[in-house]
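First comes the structure, then the notes that go with it.
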Amino acid sequence: MKKLLVFIVAAMTLMAMLLTGCGGGEQKAAEKVLKVGTEPSFAPFEFQKEGSKELTGFDIDLIKAVCKQAGYKAEISSMGFDALIPAIMSGNLDIAVSGMTITEERKKKVTFSDPYYTSGLIIMVNKDNNEIKSIKDLEGKRIAVQIGTTGEAKGRSVKNAKVTAFNNNVEAAMELKNKGVDAVINDAPVAEYYLATGGNATAKLVGEVMEAEEYGFAVKKDSKLAGELNKALNTLKKNGEYDKIYKTWFGEKKK
Ligand code: ARG
């Protein structure tokens with residue numbers, strides 16, 4: 001009787017150990033979740049799948065792959081572009097991925113990963129506008145931009161221009177279509193995507209892409225997460241995964 005009891009207790013202990021994973025030795029630690037924030041009116045980098053709330057785009061695919069490579073799971077949420085850096089600073093977000101240009105100004109507040117994409121600003125006008133051909137021609141004109149972006153800063157640097165800053169990037173393009181403004185200043189790959197997906201019925205790009213801007217992932221200032229993300233990004237660049245994601249959204253890489 002006593003022997004049986006000992007046996008039962010031993011068996012139960014063993015089962016409990018198996019269930020909880022204690023003493024297993026090889027049990028993998030639960031994947032750590034990273035809170036990733038983005039502003040999703042920026043196709044093809046981050047936007048909502050048609051008819052769904054799900055986010056998609058180059059940034060979304062890339063950050064998921066980078067987090068996975070670094071041993072994390074990315075949990076992505078949406079917010080205003082101008083809310084991303086404050087959320088990183090307060091610790092409400094671990095990473096901001098949002099086609100965010102690495103700037104000296106922002107570097108005072110957050111730490112950036114290595115660059116993962118080279119971009120630059122461009123001017124978009126209505127097709128029937130033959131007056132605006134460069135940034136110089138925007139003087140005294142009405143310009144739509146997205147709030148908190150490098151496009152907004154560029155717009156504000158134009159003499160006598162009336163700049164309207166929208167929370168949502170799609171609304172800026174809409175304002176142009178409705179002739180509420182004379183031009184939009186936006187990141188070139190986003191403007192190009194807009195034209196290619198129907199925008200070219202009413203809008204066109206003018207002038208050259210302005211100075212190069214590099215996108216980076218933003219993390220809390222001096223966080224060691226930046227190093228982990230860089231290492232993972234580097235691996236994905238070497239093993240072809242980065243190229244695969246790039247090709248999905250932009251086609252064959254221009255060399
Ligand atoms: N590259 C520009 C910047 O960093 C615009 C980014 C806007 N991104 C977005 N997801 N809306 O200011």
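Quick caveat, the model's predicted, so the values are computed rather than measured. Ligands are counted one by one from 1 in listed order, and the atoms in each one are counted from 1 as well.
- Every N/O-N/O distance between Ser41 and ligand 1 stays at or above 3.5 Å.
- Residue Tyr215 has at least one heavy-atom neighbour below 4.0 Å for each of these atoms of ligand 1: 1 (N).
- Looking only at heavy atoms of the protein, atom 8 (N) of ligand 1 is closest to Ser98 O, 2.7 Å.
- When each atom of ligand 1 is checked for a heavy atom of Met100 under 4.0 Å away, the hits are 4 (O).
- Under 3.5 Å, the side chains of Tyr194 and Asn186 contain no donor-acceptor pair of N or O atoms.
- Taking the six-membered ring for Trp and thresholds of 30 and 60 degrees, Phe45 and Phe250 have ring planes inclined between 30 and 60 degrees apart.
- In terms of N/O distances under 3.5 Å, ligand 1 is approached by Gln146.
- Contacts between Glu152 and ligand 1 below 4.0 angstrom, taking non-hydrogen atoms only, are absent altogether.
- Outside the 6.0 Å centre-distance limit, the rings of Phe47 and Phe42 are not counted as a close aromatic pair.
- Applying the 4.0 Å criterion to heavy atoms of Asp187 picks out, from ligand 1, the atoms 1 (N), 2 (C), 5 (C).
- Checked by atom type, the side-chain pair Tyr215/Ser119 shows a donor-acceptor distance below 3.5 Å.
- Aromatic rings of Tyr242 and Trp249 (six-membered ring for Trp) have centroids beyond the 6.0 Å cut-off, not under it.
- Heavy-atom distances between Phe45 and ligand 1 stay at or above 4.0 Å for every pair.
- Side chains of Glu171 and Gln146: no donor on one and acceptor on the other come within 3.5 Å.
- Between Glu46 and ligand 1, at least one pair of N/O atoms sits closer than 3.5 Å.
- Remark: ligand 1 and Gly99 share an N or O pair separated by less than 3.5 Å (distance only, no angle test).
- Checked by atom type, the side-chain pair Thr118/Glu214 shows a donor-acceptor distance below 3.5 Å.
- Between Glu39 and ligand 1, at least one pair of N/O atoms sits closer than 3.5 Å.
- Cluster partners of Val33: none. The rule joins Ile, Leu, Val, Met, Phe, Trp and Tyr whenever side-chain heavy atoms lie under 4.5 Å apart, and it links nothing here.
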